[in-house]
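The structure presented is a predicted model; accordingly, all values stated were derived computationally and were not measured. Computed over heavy atoms, backbone and side chain alike; hydrogens, waters and symmetry mates excluded. Count residues from 1 along the sequence.
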Amino acid sequence: TPTWVAKLLREDVKVRVSMKGIGFVAGADAAFPPGTYVILKSENPKSWKRVTRQLERWTQRSSVRVVPIGSGLTVEGPDLGSSQLRLLPKPKVGLVVGAGTTSTVAGAVWHYLDHRLEQPAVMIDASRVARSEDIGLTCLILPEGSFGSWGGREVEALTGFVRRGGTLIGIGSAVDWLQANGLARENAGPVRDSLLAGAAEEARTGSEEGPLTYADASDRAALERIAG
């Protein structure tokens, strides 16, 4: 499903994600959990026929469930005009590489993004992170590595990135650096169903918590957001 969503977003299709479970009046088959993707015809009038054909082709070779909904009326959860259906931004992903990063982990993440998700990534040399504010990233990934050469400039740049709404992902020892510099809460526990964690394989967890639901993960992220 992330591959589909990435393709649709690259084609300027507006895709929303539900932060809460939704139940429609169509019956039991129209009940969906938090994290369900929603594509509205009203937001994609010009591309609607193309999108529906794409989804039909994709579902023929996938077990992912795609359900057409004939009514926007809900019996449970938010309606289709609610702020709980959040519009996904068109992603522009950056991956930190170069001196200090573990090349095998960075390579695994790049391979996963490029070949599995078909999501292009901008390679950001570790020495240029403090000067990468103006390239419009929505997400920056720090792979396993040693970031001892980074200092106040990098902390300030990454703090500003998160405050502007960017998503910062650390893998393995990168999490330690983020925690030590106030960019991640200590002992926050892992999001165990993280796709990138699976790609990196041995990213440390440091907690015995179970997996978070989509809605709980969103609530936790809101609590951990840097104030400002």
Side-chain angles (χ1 to χ4, degrees), residues 1-95 108-124 134-141 164-169 191 193-199 213-215 217-218 221:
T1 303
T3 304
W4 296 6
V5 173
K7 287 181 178 179
L8 292 171
L9 291 174
R10 286 198 301 275
E11 296 172 2
D12 295 320
V13 175
K14 290 183 171 61
V15 181
R16 293 183 178 271
V17 62
S18 177
M19 309 307 293
K20 303 292 183 182
I22 308 176
F24 290 94
V25 296
D29 289 339
F32 305 97
T36 295
Y37 296 110
V38 179
I39 304 173
L40 301 176
K41 183 177 182 180
S42 60
E43 293 184 328
N44 300 281
K46 294 182 179 180
S47 59
W48 188 250
K49 289 184 179 180
R50 172 173 56 82
V51 170
T52 54
R53 287 196 298 267
Q54 281 182 312
L55 292 175
E56 288 172 359
R57 288 197 302 270
W58 292 341
T59 53
Q60 289 173 1
R61 55 179 187 268
S62 170
S63 61
V64 175
R65 187 166 63 126
V66 176
V67 180
I69 299 297
S71 170
L73 297 176
T74 62
V75 294
E76 180 183 357
D79 60 41
L80 294 185
S82 169
S83 61
Q84 291 295 322
L85 265 68
R86 298 186 183 175
L87 188 66
L88 294 176
K90 190 173 182 178
K92 186 173 183 180
V93 178
L95 174 63
V109 173
W110 172 82
H111 184 273
Y112 186 86
L113 290 170
D114 191 67
H115 292 271
R116 293 284 300 277
L117 296 186
E118 300 180 24
Q119 172 63 57
V122 179
M123 302 299 165
I124 309 292
D134 300 327
I135 60 177
L137 296 178
T138 59
C139 175
L140 182 63
I141 303 169
R164 292 190 299 272
T167 298
L168 187 59
I169 298 174
V191 179
D193 57 358
S194 166
L195 298 174
L196 293 178
T213 66
Y214 186 90
S218 174

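- Counting only heavy atoms from C-beta outward, the side chains of K14 and I39 never approach each other to under 4.5 Å.
- Distance CG/L140 to CG/L168: 6.0 Å, rounded to 0.5 Å.
- Other residues, nucleotides and ligands contribute more than 12 heavy atoms inside 6.0 Å of the NZ atom of K7.
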So R65 and V67, side-chain contact (heavy atoms from CB on, under 4.5 Å) or not? Walk me through it.
CA-CA 6 Å; R65 187 166 63 126; V67 180; 3.6 Å; yes

Please report the C-alpha distance between V93 and L95 in whole Å, then the side-chain angles of each, then the deciding distance to 0.1 Å, and finally whether the side-chain contact (heavy atoms from CB on, under 4.5 Å) criterion is met.
CA-CA 7 Å; V93 178; L95 174 63; 5.7 Å; no

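- Screening residues 36-48 for side-chain hydrogen bond (donor to acceptor under 3.5 Å, both in side chains) gives R16-E43 as the qualifying pairs, with residues at least two apart or on separate chains.
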Starting from the C-alpha separation in whole Å, work towards a yes-or-no answer on side-chain contact (heavy atoms from CB on, under 4.5 Å) for W4 and V64.
CA-CA 10 Å; W4 296 6; V64 175; 3.7 Å; yes

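- Partners of Q54 according to the side chain to side chain donor-acceptor pair (under 3.5 Å) rule, which considers only residues two or more places apart in sequence or in another chain, are E11.
- For R10, the CZ atom is densely surrounded, since the number of other residues' heavy atoms within 6.0 Å is greater than 12.
- Distance alone, capped at 3.5 Å, places no donor-acceptor pair between the S62 side chain and the T59 backbone.
- I141 CD1 to I124 CD1: the interatomic distance, rounded to the nearest 0.5 Å, is 11.0 Å.
- With rounding to the nearest 0.5 angstrom, the CD atom of Q60 is 11.5 Å from the CG atom of L55.
- The one candidate from L9, T3, L8 that meets the side-chain contact (heavy atoms from CB on, under 4.5 Å) condition with V5 is L9.
- Residues V17 and V15 have side chains not in contact (no heavy-atom distance under 4.5 Å, counting atoms from C-beta outward).
- Summarising the geometry of A121 relative to L113, their closest heavy-atom pair is CB-CD1, 4.0 Å, with the distance given to 0.1 Å.
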